[in-house]
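All figures in this text were calculated on a predicted structure; none of them were measured in a lab. Each chain gets a letter, A, B and so on, in the order its sequence line appears, and its residues count up from 1.
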Amino acid sequence: MPLSLHNTLTRKKEVFAPIDAKKVRMYVCGPTVYDFAHIGNARPVIVFDVLYRLLRHVYGEAHVRYVRNITDVDDKINAAAKANGENIRDLTERTAKEFHADTKALLCLEPDVEPRATEHIAEMIAMIERLIASGHAYEAEKHVLFSVQADKDYGKLSHRNRDEMIAGARVEVAPYKRDAADFVLWKPSPDDLPGWDSPWGRGRPGWHIECSAMSEKHLGPSFDIHGGGLDLIFPHHENEIAQSECAHGGAPFARYWLHNGFLMVEGAKMSKSEGNFRTIRDVLGEAPGEAARFAMLMGHYRDPLDWTSERLMQAIYGLDRFYMALRGIDAAPAAIPVRVLEALDDDLNTPLAIARLYELLGELNTANTTADKARWAGELRAGGLLLGLLQQDSEAWLQGETIDPNEISDAVVKRLEERDWIDEQIRLRLAARQTKNFAEADRIRTDLALKGIILEDGPKGTTWRRAG
RNA sequence: GGCCGGAUGGCAGAGUGGCUAUGCAGAGGACUGCAAAUCCUCGUACCCGAGUUCGAUUCUCGGUUCGGCCUCCA
């Protein structure tokens, strides 16, 4: 079954066919680095990571190029830097670093290229000049504006026409605009804000132009997939299309547009005033990154997703079951199971893919022979691969984070001591059981349970894990 | 006001014009010194109304409701 993706451009599911199968190209709008990323920002990062993994599987790792930008020039950044009295550059560097730590914890692969807006100012200026030359943009009072009337295709992504846009009550018409729908490509910067010399004076770019300039540089004028949040369809992506296609003499920009749905927290829209604002860092304090990732993929990427503690608990419990079943089994190498691939091929149906993983779990748990167990464990591991799940060691998941012996710290020493202590308790309990002193054995079990350690007696001896 | 997307059992969440989703929770059973894990068995479903059809949760229309976007804001 071929890979099919829902294309916002046509509002239909279409079979995916890249321009060049040897060079599949994807661009995803990345973060504006002014503060910790929130859990809503994590959604596209995880979703498109799954798509990236899938594309690499289908076309080969060397034949996929994934570009995700970092917006490091923006009015929100300027405002945030002013608010904390921080140097703008320091703020963007620090925030970008935190973002990388977050994505790593969420088990996302790094994009092939992560261009920054401030490093592509020259490309943006060049593109703006081309737009002016071709009559699609004009200068007015040190601003450069894109002329919507000059683009007959304007509105094809969001499916709205110019009149409908003007009908919106919230349009504010700047006096220098020829048309209310025109948007800024370049605007003047005062001395206390970031700015670059340009043919129109010292200034900074408008929001949309960076993606057009960076995608052109790193992927070429036409490429395969462009992704981002649903809220970016209009105006951001619509304007990107306008800029790029007009700058490229009408050559089609991205062919498949993918948009992930919105995220709510505990049934309500996430906002600082509601008190339910949740950063990725907050979530990582509540659960391991793999659980957050699993929780995110439990919903289909285009549907709204309600981020609740209940969902996170279910994800943790689900991973507990998978890793418990995989524990102690030497998984046989396996290809990605067809049933999982099929689910993902159908417009990234991750909830169905997860259901298929549960089917494999059932097979594993009911397998009778060592060979069968090895086989199903292998399929399960392989099935988790494209989802970025089930790749770690079972003990590491069940007993807490892995301990890096190279990292000597009080915390690590304490954890190692705790492990020795637990092993000792298990030995004592075993001795008690052998003399049928069950009261003592149960006392040890209860004692550990109170500390969140669950003992499990198996045919090969007693193992332990932390309670979810 | 305009454009768009949802609505499935207690919860999460797939899918289909007639036939088991899957997971959690719940009920019963097996196994077990206890526990954990696992296995087996069992309820409860497709927002409302009309239409198309032999038959609709699945298609069409209308309604209700939730959510998103409507210009510098992820």
Fill in: Distance, C1' atom - from B:A21 to B:C66, rounded to whole angstrom
25 Å
Worksheet entry | B:C39 OP1/OP2 closer than 4.0 Å to side-chain N/O of A:Asn365 | yes
Item to complete: Indicate whether OP1 or OP2 belonging to B:U71 is found under 4.0 Å from a side-chain N or O atom of A:Asn239.
Response: no
Worksheet item: Any side-chain N or O of A:Lys187 under 4.0 Å from OP1/OP2 of B:C72?
Response: no
Practice prompt. Sticking with atom C1', work out how far B:A7 lies from B:G63, rounded to a whole angstrom.
Written response: 14 Å
Worksheet item: Between A:Glu456 (side chain) and A:Thr462 (backbone), is there a donor-acceptor pair under 3.5 Å?
Response: no
Practice prompt. Step through it carefully: locate the ring centre of A:His300, locate the ring centre of A:His6, and say whether they are under 6.0 Å apart.
Written response: no
Worksheet item: Looking at RNA chain B, which of residues 427-436 of chain A put a heavy atom within less than 4.0 Å of it?
Response: A:Arg429, A:Arg433
Worksheet entry | Counter-base of B:G1, judged by Watson-Crick or G-U geometry with both distances under 3.5 Å | B:C70
Item to complete: Please check if any side-chain donor atom of A:Gln425 sits under 3.5 Å from a side-chain acceptor atom of A:Asp447, or the reverse.
Response: no
Discussion item. Assess, by modelled atom type and distance only, whether the side chains of A:Tyr301 and A:Asp347 contain a donor and an acceptor separated by less than 3.5 Å.
Written reply: yes
Discussion item. Side-chain N or O of A:Arg356 versus OP1/OP2 of B:A14: is the shortest distance under 4.0 Å?
Written reply: no
Worksheet item: Which one is paired to B:U60, where only Watson-Crick or G-U wobble pairs with both distances under 3.5 angstrom count?
Response: B:A50
Item to complete: Compute whether any side-chain donor of one residue and acceptor of the other, for A:Ser244 and A:Glu216, lie under 3.5 angstrom apart.
Response: no
Worksheet item: Is A:Arg311 near enough to B:G13 that one of its side-chain N or O atoms lies under 4.0 angstrom from OP1 or OP2?
Response: yes
Discussion item. Any base atoms under 4.0 Å from A:Phe183, or only sugar-phosphate, or nothing? Heavy atoms, all strands.
Written reply: base
Discussion item. Need the pair for B:U22. Rule: Watson-Crick or G-U wobble, both distances under 3.5 Å, any strand; none if unpaired.
Written reply: B:A12
Discussion item. Less than 4.0 angstrom from a charged side-chain N to a carboxylate O is my criterion; do A:Asp151 and A:Lys156 meet it?
Written reply: no
Fill in: Any A:Arg321 side-chain nitrogen or oxygen under 4.0 Å from OP1 or OP2 of B:U38
yes
Worksheet item: In the structure shown, which nucleotide is the Watson-Crick or G-U wobble counterpart of B:A36, with both distances under 3.5 Å?
Response: none
Item to complete: Examine the side chains of A:Glu290 and A:Tyr323 and answer whether a donor and an acceptor come within less than 3.5 Å of each other.
Response: yes
